[in-house]
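Report on the structure given below.
Computed from heavy atoms alone, side chains included, the values below leave out hydrogens, waters and symmetry copies.
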Amino acid sequence: MKGALSELSAWLQANGLNPADFRLRLEAKTITAQRDALKAFKTEVEPHLAPPAAPHRKGTLNGVEISVEGPLHGF
């Protein structure tokens, strides 16, 4: 997941776009998929977020804002 975000950020910059103008939204269709995405997010992405993840702030990685959504609300 972290590698994909790095590639997305590099592609945006290579095409003259500012990564800060974009948000990557991962939307899981099933509860299992949401749990798997959140596990990967916590281990691969969250430690590298700037600013750190918090309910009142949107974390970014390589300038791209990230959110994970799915059928279970409140995660």
Side-chain angles (χ1 to χ4, degrees):
M1 188 179 292
K2 183 180 169 204
L5 286 163
S6 296
E7 288 182 29
L8 174 60
S9 181
W11 182 88
L12 290 168
Q13 291 175 355
N15 287 281
L17 301 169
N18 180 1
D21 291 338
F22 295 87
R23 174 173 51 154
L24 176 64
R25 184 175 113 188
L26 299 174
E27 186 173 345
K29 294 182 179 181
T30 66
I31 292 170
T32 303
Q34 183 181 5
R35 287 181 180 152
D36 290 346
L38 287 169
K39 283 181 188 175
F41 182 84
K42 288 226 175 254
T43 58
E44 296 181 28
V45 177
E46 197 170 53
H48 305 283
L49 290 180
H56 62 283
R57 295 186 290 190
K58 296 287 186 184
T60 63
L61 183 62
N62 294 327
V64 180
E65 184 182 305
I66 306 161
S67 66
V68 179
E69 299 176 18
L72 288 178
H73 301 290
F75 272 88

Distance (rounded to the nearest 0.5 Å) between [X] [atom1] and [Y] [atom2]:
X: Leu26; Y: Arg23; atom1: CG; atom2: CZ; answer: 11.0 Å
X: Asn62; Y: Lys2; atom1: CG; atom2: NZ; answer: 8.0 Å
X: Lys29; Y: Gln34; atom1: NZ; atom2: CD; answer: 14.0 Å
X: Leu5; Y: Leu24; atom1: CG; atom2: CG; answer: 5.5 Å

Side-chain (Thr43) to main-chain (Lys39) donor-acceptor, under 3.5 angstrom: yes
Donor-acceptor under 3.5 Å (Asn15 side chain, Leu17 main chain): no
Can you sort out the partners of Gln13 under side chain to side chain donor-acceptor pair (under 3.5 Å), two or more places apart, ordered by chain and number? none
Measure across Pro71 and Ile31 and return the closest heavy-atom pair with its distance rounded to 0.1 Å. CG-N, 3.5 Å
Grab the two heavy atoms, one from Ala33 and one from Ala28, that are nearest each other, plus how far apart they are. C-CB, 3.7 Å
Is the closest side-chain heavy-atom distance between Leu12 and Val64 below 4.5 Å? yes
Are Phe22 and Leu8 packed together at the side-chain level, in the sense that at least one heavy-atom pair is separated by less than 4.5 angstrom? no
Does Thr32 have any side chain to side chain contact (heavy atoms under 4.5 Å, CB included) partners at least two apart in sequence or in another chain, and if so, which? Thr30, Asp36
Partner set under side chain to side chain contact (heavy atoms under 4.5 Å, CB included) for Glu44, not counting sequence neighbours: Met1, Ala40
